[in-house]
Number of protein chains: 2
Amino acid sequence: MARRLFYTRGFDNTSLNDLAREAAVPKGNFYYHFPSKDDVLRAVIEARRVHIESTLASWAEDYPEPRTRLKRFIAMIVSERDDLVSYGCPTGSLLTELGKKRDDLQPYALSILNLYVDFAASAFRELGHPVDAARTMALRLLGRAQGAILIAHAYGDLTILDNEIANLDLSLDALERAPGHPAI
Amino acid sequence: MARRLFYTRGFDNTSLNDLAREAAVPKGNFYYHFPSKDDVLRAVIEARRVHIESTLASWAEDYPEPRTRLKRFIAMIVSERDDLVSYGCPTGSLLTELGKKRDDLQPYALSILNLYVDFAASAFRELGHPVDAARTMALRLLGRAQGAILIAHAYGDLTILDNEIANLDLSLDALERAPGHPAI
DNA sequence: GTCTATATTATGATAGAC
DNA sequence: GTCTATCATAATATAGAC
């Protein structure tokens, strides 16, 4: 699938030949379905956006307690730990790649990050934090996750990721004990 | 200079034509000085490594107090804020780019990250933390900086970076007040 | 709709005159 | 050592038969 190749190799490093080989079709076929390679990425991102949106919506149903919901986000990172250490964060690395020389595509990747930021910000809102503080805390949570993944990926070290994610989890606990305090 | 182009455009997105135009020499000349484009990057990284190493050494001289030294690191991020928001972290984005498809070059980028990790770890050691905890805290500090820069770069928002770096600074203060506690 | 060419362009890298 | 070609390759994209 195209998503996997874009993730593991990066967008620019994935050629239409790679995509065609993986899909077992001649590469010329792509241009019947997509006007350009960029549109393949846009379609991949859009499909991903829909998928993540429904995942977050199901979390909102299954975990009405905002702290539990935020912990579910942490649990997702843990469940993806192998890929995250091997290839980095799909969203973070795409944002970083598109941030250089492809500002036109960058907003599409940003729409994925926004899903998570809005998800976390609304949880912090429910915990009683003002809207501005909630967004700041959401950005901090996402940033810490991104940083942990980046470092763990750089060293190819699972234990670094486990350590940092456990610490993030502890920060959520501390937050629980000190409501009203933007402590994450 | 090659370093600036590799930083702002990424390694792969910088062609020899770009390098030649910037240096105002024909691109064929590069192959008199370097066996390949990869070697240009290696030379850039090596020069950077030497430069950073001497900077960190001068900090060690100027700031014998480890907490002050760590704060100097934070101050460096603040002083680079415009570029960091516009192009991301040079080390972090290079690590991310090389982590996909260029595992052969990745160790060179990692040598830069290691400089900062060792710098921070030795400061935490001097603060009395055991060697393992000191390294964990160093990785956490670097990770939080990377995450803050990545998010701020994704949104192109200086205030996000300022916010997060101020919060990192606060974490260093809190650490100061609770020695022996791996709290960063 | 699906496939086999092929066009076009950009890249990293070389050859060889001076 | 420096320059002007030029090669070889790989990429995105198109044309056109079936």
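The chains referred to below are lettered A, B, ... by the order of the sequence lines, with proteins before strands, and numbering in each begins at 1.
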Upstream residue (5' side of DNA chain D) when A/Phe11 and B/Val25 are each assigned their closest nucleotide: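 It is B/Val25 whose nearest nucleotide is closer to the 5' end.
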Most 5' of A/Gly28 and B/Tyr32 on DNA chain D, judged by nearest nucleotide: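 That would be B/Tyr32.
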Check whether the side chains of [X] and [Y] place a donor and an acceptor atom closer than 3.5 Å, and report yes or no.
X: B/Arg144; Y: B/Asn167; value: yes
X: A/Asn114; Y: B/Tyr155; value: yes
X: B/Asp39; Y: B/Ser36; value: yes

Would you say [X] places a side-chain N or O within less than 4.0 Å of OP1 or OP2 belonging to [N]?
X: A/Asn17; N: D/dA10; answer: no
X: B/His33; N: D/dT2; answer: yes
X: A/Asn29; N: C/dG1; answer: no
X: B/Ser15; N: C/dT11; answer: yes

Heavy-atom closest contact (B/Tyr63 atom, B/Arg69 atom, distance):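 Closest pair (atom of B/Tyr63, atom of B/Arg69, distance): O-NE, 3.0 Å.
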Comparing B/Tyr31 and A/Pro26 on DNA chain C - which has the more 5′ nearest nucleotide: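 Final value for this comparison: A/Pro26.
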Between [N] ([atom2]) and [X] ([atom1]): distance, integer Å:
X: A/Leu16; N: C/dT6; atom1: CG; atom2: P; value: 19 Å
X: A/Asp38; N: D/dT12; atom1: CG; atom2: P; value: 10 Å
X: B/Arg21; N: C/dA10; atom1: CZ; atom2: P; value: 12 Å
X: A/Phe30; N: C/dC3; atom1: CZ; atom2: P; value: 11 Å
X: A/Lys37; N: C/dT8; atom1: NZ; atom2: P; value: 22 Å
X: A/Asp18; N: D/dA13; atom1: CG; atom2: P; value: 15 Å

Pair B/Glu46 + B/Arg42: basic N to acidic O under 4.0 Å: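 No, no charged N to carboxylate O under 4.0 Å.
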Selection from D/dT6, D/dG1, D/dC3 that lies nearest to any side-chain heavy atom of B/Lys27: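 Nearest to the side chain of B/Lys27 among the choices is D/dT6.
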